[in-house]
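Everything below concerns the one structure shown next.
One is the number of the first residue; the rest follow in order along the sequence. From a predicted model like this one, the values you see are computed outputs, not experimental measurements. As the structure lists them, so they are numbered: ligands from 1, and atoms in each ligand from 1.
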Amino acid sequence: MAKYVFVTGGVTSSLGKGIIAASLAKLLQARGFTTTIQKFDPYINVDPGTLNPYEHGECYVTEDGAETDLDLGHYERFLSTPTSQANNVTTGRIYQTVINKERAGEFLGKTVQVVPHITDEIKHRMLLLGQDGKFDIVITEIGGTVGDIESTPFIETVRQIQWELPEEDVMVVHLTLIPYLSAAKELKTKPTQHSVRMLSETGVHPDVIVCRTEHPLNDDIKRKIALFCNVKAGNVIESLDASTIYEVPLMMQKEQLDLIVLKKLNIQNFKEPDLTKWNIFLDKLKHPKSTVNIGLIGKYIELQDAYKSILESFIHAGAMNEVKVNVVNVHSENITDENVNEQLAGLHGLLVAPGFGARGIEGKIVAVKYARENNLPFFGICLGMQMAVIEFARNILHLKGAHSVEMDANTEHPVIDIMEDQKGITMKGGTMRLGSYPCTITKDTLAYKIYGSTNINERHRHRYEFNNTFLKLFQEKGMVTSGVNPELGLVEIIELPNHPFFIGVQYHPELKSTVEHPAPLFVHFIAAAKVQAAKKA
Ligand code: GLN
């Protein structure tokens, strides 16, 4: 059986529990342990798939097609190992399971209660990934902040697990904030004391306190926190603001978080951490040789979390190309035929983002036309690819009013249509084409040059697709459909060969980009933008 580390948060949200959990996992992985991370979220949605990006940022999709919290993206980017449906559990899913069991009569006439029925279901899922011998250490991030009403059953379950399992198999890492009062020129420990007290009142006692702080903590403060919070003196560590999240594993290594954890879990045999690849990446990231300006054309740009995986993929691909990727956010609603030259001036590449619904669509189409006509590197993802298809239909095939039936159900030229197996689906949660599907790539295409293979797998999240009744028309006028799904013939990749770099993909390559394996499409797109920048210089 695996050992379990729980990560809780106190004082405020947004302290970066996910990054701390991922950094700890990275260090343990680098020391030779198989590690996974899971997240328990307190909200009632069964999964974040039905949440608007403004509510909850990007919805991250796993290989097995789960719609999950964006923290799972960090876990994969740090560890380069896939997560699954089991790695993200919400209160909604717990209740759904328990209520379904109750309806099936599985509780044999008993009153169904939060304790033990809900907590038993939470416990089952918290321990699940550690039970088949696949992982040495399972790290569980508890969403929300200690004291929230809604995370109470999760915390209670951690208490039960701490009580049931041998002491050396479970530990709790608590992340808090040490605010700095500039008027008093002082770091304040009181909020941390309160949050640990609140946690302790529930019966859960932290073994380590990680303090987020803008200023280094001296030994006196650490000792004070340890004393008042009743943890070992060496187990209070600082987590200073970092210039990049990818530096946090090294900062945690410096603070010896991995060693503290291994000691508490009574693990004696471990090797020195091998972070060679990570360090090479970090070095390139910190020392770019030039800059490229990439326009991110989207409608959620006010909220950067909505495009988290895309932005991180740019960081991976930028390091690979030894350039700094300067992402210029352009709101698609603001782009018109009249102002496009001015809106997109100075860019070396355009990425038209994924999305849903009609808002900002025409601006995206104008942006695609601009990239196509001006030989500007273009990369369309999902909705972005669909917009490239519509632009080509309207301006090259002269199909007036060509559209996606998502935006115009009665269009005369439905070049993007609802997928056959999506017709008749009315339920919204978990019903899109989701997760990993194979794609066959034609040789002698840009896609083949990028992937170096004729068989790839990429992750999907959409309901609409290229309408193959128009396929011939597109091909005759020079659009190449370089990737298709082998079973269903769905077009997955489109490209324009008479352009320096013009590619659109129906899937989401950003979901598989990691520090150690940057997504090839992003790497080549940034390389094309680098050529463009050199031309302009
Ligand atoms: N709205 C489009 C569809 O459902 C694109 C989805 C996306 O960009 N993820 O097909």
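- Residues meeting the ring-ring contact (aromatic ring centres under 6.0 Å, His included) test with Y448, sequence neighbours left out: none.
- Side-chain contact annotation: T36 with N87, donor-acceptor N/O pair under 3.5 Å present.
- Those atoms of ligand 1 that come under 4.0 Å of a heavy atom in H508, given as number and element, are 9 (N).
- Under 4.0 Å from ligand 1, the heavy atoms of E406 that appear belong solely to its side chain.
- A cation-pi arrangement is absent between R93 and Y95, since the terminal nitrogen or guanidinium carbon is not both under 6.0 Å from the aromatic centre and inside a 45° cone about the axis.
- The number of heavy atoms from other shown groups lying within 6.0 Å of CG (D444) does not exceed 12.
- Here the closest heavy-atom approach between residue L511 and residue Y60 is recorded as O-OH, 2.8 Å.
- Among protein heavy atoms, the minimum distance from atom 7 (C) of ligand 1 is reached at C382 SG, 3.0 Å.
- Between H508 and R461, the closest side-chain pair of non-hydrogen atoms falls below 4.5 Å.
- Considering each of G355, S404, A353, C59, the one bringing a non-hydrogen atom nearest atom 5 (C) of ligand 1 is G355.
- The shortest N/O to N/O separation between Y464 and ligand 1 falls below 3.5 Å.
- Remark: distances from the non-hydrogen atoms of Q386 to ligand 1 include one below 4.0 Å.
- Side-chain contact of E458 with Y451: a donor-acceptor pair under 3.5 Å is present, judged by distance alone.
- Ligand-side atoms of ligand 1 in range of R461: 6 (C), 7 (C), 9 (N), range being under 4.0 angstrom from any heavy atom.
- If you check which protein heavy atom lies closest to atom 4 (O) of ligand 1, you get R463 N, 2.9 Å.
- For the pair M432 and ligand 1, the shortest N or O to N or O distance does not fall below 3.5 Å.
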